[in-house]
Structure formats: C-alpha cells, structure tokens
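Convention: sequence-line order gives letters A, B, ...; per-chain numbering from 1.
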2 protein chains.
Amino acid sequence: MPPEKDNPRAWDKSHYHLACVEDAVAKAHQICSEKGVRLTPTRLRILELIWRSHKPIGAYALLDEIKLEHKSAAPPTVYRALDFLIEHGLVHRIQSLNAFVGCNDPGHVYSGIILICNDCGDVLEMDDAKISETIALYTNNLGFQLSSQSIEANGTCPGCRG
Amino acid sequence: MPPEKDNPRAWDKSHYHLACVEDAVAKAHQICSEKGVRLTPTRLRILELIWRSHKPIGAYALLDEIKLEHKSAAPPTVYRALDFLIEHGLVHRIQSLNAFVGCNDPGHVYSGIILICNDCGDVLEMDDAKISETIALYTNNLGFQLSSQSIEANGTCPGCRG
DNA sequence: TTTATCACCGTTATAATGTTACATTTTTTA
DNA sequence: TAAAAAATGTAACATTATAACGGTGATAAA
Ligand SMILES: [Zn+2]
Ligand SMILES: [Zn+2]
Ligand SMILES: [Zn+2]
Ligand SMILES: [Zn+2]
C-alpha cells in the first residue's frame with residue numbers, strides 16, 4: 001500500500017482502487033496501451049496534476065500549474081487533454097463544480113456516484129450497481145434509452161461530522 | 001387538462017403535475033404565499049419565460065427575452081430571479097447544460113431525476129422515492145450525511161427513437 | 001413623524017469557464 | 001519517402017456567472 005499521506009481521503013479507503021498518483025499513472029498507461037491511444041506528455045501531465053491535487057480541480061487551476069513548466073500552454077491545451085482523459089474514463093467532470101477528479105477505478109462498469117463534502121471540498125467516487133440499475137430500469141420503463149448518467153451528491157463527510 | 005400544444009413534452013404525460021405556464025404560475029403563487037416570500041414581477045416573468053420555452057433555457061437566453069420588455073435587465077436581474085426560484089424549488093438547474101427548467105412538482109419530497117434527450121433536447125423530470133432512498137442508504141453507510149443530490153441522465157426519448 | 005432597517009433592483013464592471021479557427025508540428029500509415 | 005492523420009501552438013472570441021455599490025420603496029421601531 002502506498003504512503004497514507006498520498007491519499008488524505010481516508011473516509012472510505014475500502015473503495016479505493018488507486019491510492020496515489022503513481023498508481024493512477026500506471027493504470028492510465030495500461031489502459032491507453034490496451035486501447036491503442038496515446039497518453040502524450042501533456043495528457044499525462046494533466047492527469048498527474050489532477051491526481052496530485054487530491055481535490056476537484058478546475059481547468060484554469062490546471063492551466064496555471066502546467067504553465068509553470070510548459071510556457072506555451074493555453075486553455076485548449078488543458079481542455080484537449082481533459083477531453084481525452086474523460087473520453088477514456090481516466091477523469092470525471094464534476095458538473096456542479098466545473099471541476100475534475102481522477103477516476104478511481106478506470107473502466108468501471110457502473111455509473112460513478114460523486115459524493116462531495118460541502119465542508120472540506122473532498123470528493124469520493126462510489127460505483128454502485130444497484131443505483132445504476134435502478135435508474136436504468138426506471139428510465140427504460142418510460143421508453144427512454146439511457147446512454148449516460150451523472151449522479152452528484154452533496155453533504156458532509158464523516159471527518160467533517162466530527 | 002390544459003391544451004396539448006402547451007405541453008409538447010408528450011413522452012411522459014403521466015408524470016406531469018403542471019401542464020402549462022398557467023398551472024406553474026398558479027402553483028408558484030400558492031407556494032410563495034404559503035412561505036411568505038415575494039414572487040415579484042421580475043421573478044414571475046422569469047418563471048413564465050422558463051415554462052414557456054418548453055426546453056431547458058440558459059440564463060442569457062432568458063436575459064435576451066426579458067430585455068425585450070424590460071430594457072434595464074442585466075445578468076444580475078436574471079441570476080437573482082433564478083436564485084430565488086431555485087431556492088424555493090420552482091426551478092431546477094441542469095448542471096450539464098448550464099440551463100434551467102421549471103420544476104414539474106414544486107415541493108416534491110424526493111430528489112428529481114432529469115432525463116435529457118440528446119436528439120431533441122427535451123427534458124423530463126422524474127421523482128422517484130426508490131432511487132433517492134437507495135442513494136441515501138448507500139451514502140449513509142459510508143457515514144456521509146446527504147444534504148442534496150443531482151441526478152441527470154442522457155439518452156434518447158421515445159419520440160426520437162422513432 | 002422621523003429614523004432605521006431590510007429586501008429588492010439598477011448599473012457597471014469584471015471574473016471564470018469554455019470554444020473556434022487556423023497554422024504548424026509530430027506521428028503514423030501506405 | 002510521401003501522404004494522411006493526429007496532436008499541438010496560438011490568437012481571438014464566446015458564454016456563463018459574480019462582485020460591488022448605490023438607489024428605491026416598504027416595513028418597523030423610536
Ligand atoms: Zn470513475
Ligand atoms: Zn469533509
Ligand atoms: Zn422538481
Ligand atoms: Zn427526443
């Protein structure tokens with residue numbers, strides 16, 4: 001197990017597949033290789049920055065960081081990398097925050113559920129078959145052909161409840 | 001039942017509590033009265049414009065419309081009204097679209113689920129106890145105190161499936 | 001009645017987020 | 001190698017949202 005300090009999101013260790021930046025990068029390399037897509041230096045760097053932040057991070061915060069080491073970076077630099085990472089399931093967009101987090105289990109089958117702590121800003125991704133299937137069932141009953149879903153929950157994490 | 005043309009979202013009539021602008025306005029007056037809050041002319045007008053659009057509508061589209069009749073309107077005019085309408089459950093924000101729809105059943109107990117048709121852009125709000133409760137159950141098991149949730153699903157509506 | 005307070009709105013400016021378009025470079029394919 | 005495709009550089013622009021401050025009108029003390 002990687003060092004604890006690398007993963008301060010300790011409120012649900014049991015769900016964690018990827019515990020640190022290194023794990024995430026290794027997994028990303030593996031997935032991109034399997035898919036035959038290119039994890040270019042910029043894409044990799046953005047992924048690392050997202051994982052290093054340990055919190056949802058916005059596109060312009062990523063831009064500020066990558067500019068330090070990559071002077072020519074501009075908004076498209078970041079958004080292109082994000083599009084790629086999201087398309088291949090390595091990163092999720094948090095709609096309610098306009099921010100991004102690393103997917104904790106790239107390739108997961110069920111729709112992720114994002115839990116957002118309103119106090120500390122920390123985020124946990126849960127993948128639950130039952131919730132996804134319940135939604136799929138209900139929408140199918142309406143004749144709606146489901147292609148994707150986004151579930152975001154706000155509240156207070158165990159740590160912040162004291 | 002109000003005229004059909006007022007409600008082109010015909011793919012799930014059974015779920016509709018409010019079928020037209022007039023219903024929505026009447027219900028809004030009732031709710032604001034009960035709560036002792038003021039449904040001012042601007043707030044009412046924004047609510048009507050949202051309901052009249054029959055689709056999710058963005059803040060700046062609302063601004064364009066209200067400017068026609070209210071020359072001094074500016075972004076804060078619209079955002080303040082939206083904040084009020086959302087706070088009192090009369091309107092929902094669709095995170096993935098940065099757009100707004102009228103709540104079909106103001107005061108509903110369970111979290112609404114927004115179904116978005118990728119073809120026609122139409123939206124349906126479903127309120128389902130089971131889904132909300134399933135999410136609440138799972139998050140509680142993690143020690144997470146749930147305060148709100150946002151569920152948005154994308155897919156194809158029955159009409160667009162042909 | 002005067003004064004204070006409050007919610008609401010007008011107004012201007014600006015911040016934050018995201019996209020388009022086109023040129024250039026790099027990588028892959030034939 | 002030559003052509004095609006993918007990725008990136010670059011500048012400008014578009015969209016969405018908020019901050020700040022002052023004015024107005026209703027309501028509530030003093
Ligand atoms: Zn995920
Ligand atoms: Zn917390
Ligand atoms: Zn609703
Ligand atoms: Zn449709």
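- For the pair B:Ser132 (side chain) and B:Ala129 (backbone), a donor-acceptor distance under 3.5 Å is absent.
- Atom pair B:Ile94:CD1 and D:dT16:C1' shows a separation of 16 Å (rounding to whole Å applied).
- Rounding to whole angstrom units, CD1 of residue B:Ile66 and P of C:dG10 are separated by 9 Å.
- Formation of a donor-acceptor pair under 3.5 Å by the B:Lys55 side chain with backbone atoms of B:Cys120 is found in this model.
- Side chain of A:Asn118 to main chain of A:Thr156: no donor-acceptor pair is present (N/O by atom type, distance under 3.5 Å, no hydrogens or angles).
- A side-chain donor-acceptor contact under 3.5 Å links B:Glu152 and B:Ser96.
- Nearest-nucleotide mapping onto DNA chain C: of B:Pro41 and B:Tyr60, the residue sitting toward the 5' end is B:Pro41.
- The side chain of A:Arg38 sits closest to C:dT28 out of C:dT11, C:dT28, C:dT20.
- Going from atom CG of A:Leu39 over to atom P of C:dT27 covers 15 Å, rounded to whole Å.
- Of all nucleotides listed (D:dT8, C:dT19, C:dC9), D:dT8 comes nearest to the side chain of A:Thr40.
- Salt bridge status for B:Glu65 with B:Arg52: absent, with no side-chain N to carboxylate O gap under 4.0 Å.
- Taking atom NE2 of B:His88 as the reference point, atom P of C:dA7 lies 12 Å away to the nearest angstrom.
- Of the candidates C:dC9, D:dA7, D:dG9, C:dC9 carries the atom nearest the B:Thr42 side chain, counting heavy atoms from C-beta on.
- Comparing D:dT16, C:dT11, C:dT20 by their closest approach to the side chain of A:Pro76 singles out C:dT20.
- Remark: A:Ser72 is not in phosphate contact with D:dT8, judged by side-chain N or O atoms under 4.0 Å from OP1 or OP2.
- Between the CG atom of B:Asp64 and the P atom of D:dA14 there is a distance of 14 Å, given to the nearest Å.
- Nucleotide D:dA14 holds its P atom 17 Å from the CG atom of B:Leu63, rounded to whole Å.
- Rounded to a whole Å, the CG atom of A:Leu82 is 15 Å from the C1' atom of D:dT8.
- Regarding A:Gln95, its CD atom lies at a distance of 14 Å from the P atom of D:dT16, rounded to whole Å.
- Within the structure, a side-chain polar atom (N or O) of A:His70 is placed less than 4.0 Å from OP1 or OP2 of D:dG9.
- Listed candidates were C:dA7, D:dT8, C:dT28. Nearest to the side chain of A:Arg80 is D:dT8.
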